[in-house]
Asker: 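First, the structure itself, so that you have it in front of you.
We name chains A, B, ... by the order of the sequence lines, and we start the count at 1 in each one.
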Amino acid sequence: MNDRVFTDRIRAWGQQIREKNKRGLPWLGERDPYRIWLSETLLQQTRVEQGLPYYHAFLEAFPTVRDLAAAPEDRVLKLWEGLGYYSRARNLLKAAQMVVRDFDGRFPESLEGLRRLPGVGAYTAAAVASFAFGLPHAVLDGNVYRVLARFYDLDLEVPGTAAQKLFAHRANAVLDRLDPAAWNQAIMDFGALVCTPRKPDCAHCPVADHCGALLNGTVLERPVKKAKKPKRLRVLHFLRLDRAGEVLVERRDNTGIWAGLWQFPLWEAPAGEGPQAPRPDDLAGLDPKASAQQALHGLGIDAGHWSYRGSSGPLRHLLSHQDIRAWVHRFEPAPALAAKGGRGRKGALNGVGGEKSAERGKVAGLSETLDRQWIAHAQLRSLAFPRVLTRHLETTDA
DNA sequence: AAGTCGGGGAG
DNA sequence: CTCCCAGACTT
């Protein structure tokens with residue numbers, strides 16, 4: 001009953017929006033599964049305005065899935081730089097390679113087939129299935145959760161398995177099976193433009209007279225979200241070692257935060273060391289130079305070979321689950337040692353006498369377990385760094 | 001079921 | 001500040 005009213009009116013509302021051409025987004029009306037998949041992956045947990053420039057950049061760099069599949073991972077990560085959730089980028093490449101290798105460059109034309117691609121979850125599979133292939137699968141994203149929670153005044157906590165099942169059921173119940181693509185577009189647009197999180201425009205809502213939450217006065221309480229945990233406080237010390245136009249960088253491994261990105265050698269006080277994890281109070285008295293030396297020691301670098309050139313920080317870097325205070329400590333070769341030149345080619349200057357940058361790691365006893373290398377400043381631009389470091393690089397013009 | 005994974009814009 | 005965004009994956 002209410003389902004029918006909801007579907008009819010939201011569908012009509014969507015048609016109006018399309019005619020007025022609100023949100024002139026490039027993937028609207030798109031049928032190419034590659035472009036749809038690309039845009040949906042870019043937009044996972046990402047606002048449209050934020051992802052839009054990346055969409056254009058990727059499409060220009062990789063017009064087809066074959067172009068993407070042939071790309072080196074570092075190039076994909078570089079294009080993704082700044083967008084966050086970097087496993088999306090690596091999964092994007094993996095999925096492209098799978099499509100080319102296993103399906104001759106054609107995307108699977110079923111929900112289940114799409115779902116098997118890395119980085120393609122319930123939402124993205126439904127989006128590609130409906131937008132590219134017209135299949136009757138309802139999308140369930142943040143917008144749809146909110147719209148359904150309000151219209152039916154559902155008080156289940158999200159995220160949660162119970163809620164997911166119920167909302168998915170509702171979403172498919174109201175799906176317009178005559179035009180799944182237009183419907184999915186309409187309900188998401190409706191959530192983004194009318195039934196917004198903070199200030200929903202109930203005065204102009206086409207289903208206000210049937211909205212459960214509006215009738216019950218619970219609009220701003222829907223959907224019910226779970227309580228958030230406090231953020232973990234971390235203090236990171238990056239060591240920026242410069243020598244003769246080069247800087248030492250290392251590649252992070254493929255797990256955890258900033259997976260696969262590049263960074264300056266990083267030292268972080270072990271969490272288990274000391275009374276407890278760092279607290280905000282502990283940071284006020286933090287002496288940059290002392291921290292720099294501590295980091296140098298922590299990374300096993302002979303402090304005698306490097307002279308301190310100052311620190312920038314703390315760079316406050318807020319993530320959804322971490323509160324990061326980052327420092328970048330700069331060092332250059334100690335003058336005394338530089339004068340000695342070739343004494344010990346494995347010394348602090350590591351390769352001054354013509355060793356290739358390809359020889360990694362050996363920085364005065366620095367561990368070789370990581371993928372470290374000296375790189376010319378001009379080449380830094382080709383590597384993907386975490387935002388906290390690109391911001392630092394921008395202000396220091398390196 | 002809970003934890004992890006980024007970054008930015010709006011209010 | 002807080003919230004949350006065209007979520008997915010791991011444990």
Asker: Tell me whether A:D74 is salt-bridged to A:K78, with the criterion being a basic N under 4.0 Å from an acidic carboxylate O.
Answerer: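 Salt bridge flag = no for A:K78 with A:D74.
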
Asker: For A:G51, report the nucleic acid contact type (base, sugar-phosphate, nothing); a contact means any heavy atom under 4.0 Å.
Answerer: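 Nothing, no heavy atom under 4.0 Å.
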
Asker: Hey, does A:L42 reach any base, or is it just sugar-phosphate, or nothing, if we go heavy atoms under 4.0 Å?
Answerer: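 Since no nucleic acid heavy atom lies under 4.0 Å of A:L42, the category is nothing.
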
Asker: Check this for me: does any side-chain nitrogen of one of A:D104 and A:R66 sit under 4.0 Å from a carboxylate oxygen of the other?
Answerer: yes

Asker: Tell me what A:Q164 touches on the nucleic acid: a base, only sugar-phosphate, or nothing, going by heavy atoms under 4.0 Å.
Answerer: nothing

Asker: Between the protein and nucleotides 2-4 of chain B, which nitrogen or oxygen pairs come in under 3.5 angstrom?
Answerer:
residue: B:dA2; atom: OP2; partner: A:K226; partner atom: NZ; Å: 3.2
residue: B:dG3; atom: OP1; partner: A:K229; partner atom: NZ; Å: 2.9

Asker: Is the phosphate of B:dG6, meaning OP1 or OP2, less than 4.0 Å from a side-chain N or O of A:R47?
Answerer: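 No, A:R47 has no side-chain N/O under 4.0 Å of OP1/OP2 on B:dG6.
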
Asker: Taking any heavy-atom pair under 4.0 Å as a contact, classify A:W27: base, sugar-phosphate, or nothing.
Answerer: base

Asker: Considering only the C1' atoms, how many Å lie between B:dG6 and C:dC4, rounded to the nearest integer?
Answerer: 13 Å

Asker: Specify the residue among A:D189 and A:R115 whose closest nucleotide of DNA chain C lies further upstream toward the 5′ end.
Answerer: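 Taking each residue's closest nucleotide, the earlier one in sequence belongs to A:D189.
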
Asker: Does a nitrogen or oxygen in the side chain of A:Q45 sit under 4.0 Å from OP1 or OP2 of C:dG7?
Answerer: yes

Asker: Are A:S320 and B:dC5 close enough that a side-chain N or O sits under 4.0 Å from OP1 or OP2?
Answerer: no

Asker: Base, sugar-phosphate alone, or nothing: which one does A:S87 contact when heavy atoms must sit under 4.0 Å apart?
Answerer: nothing

Asker: Please collect all salt bridge (Lys or Arg N to Asp or Glu O under 4.0 Å) contacts where either partner lies in residues 196-211 of chain A, sequence neighbours excluded, each pair once.
Answerer: A:R9-A:D209

Asker: Any idea which of B:dG7, C:dA8, C:dC1 is nearest the A:Y123 side chain?
Answerer: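 When the side chain of A:Y123 is considered, C:dA8 is the closest of B:dG7, C:dA8, C:dC1.
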
Asker: Contact class for A:R116 (heavy atom, under 4.0 Å): base, sugar-phosphate, or nothing?
Answerer: nothing

Asker: Taking OH from A:Y85 and C1' from B:dC5, how many angstroms apart are they, rounded to a whole number?
Answerer: 5 Å

Asker: Base, sugar-phosphate or nothing for A:A122? Non-hydrogen atoms, less than 4.0 Å.
Answerer: sugar-phosphate

Asker: Mind listing the residues from residues 137-156 of chain A sitting with a heavy atom below 4.0 Å of DNA chain C? Number order is fine.
Answerer: A:D141, A:G142, A:N143, A:R146

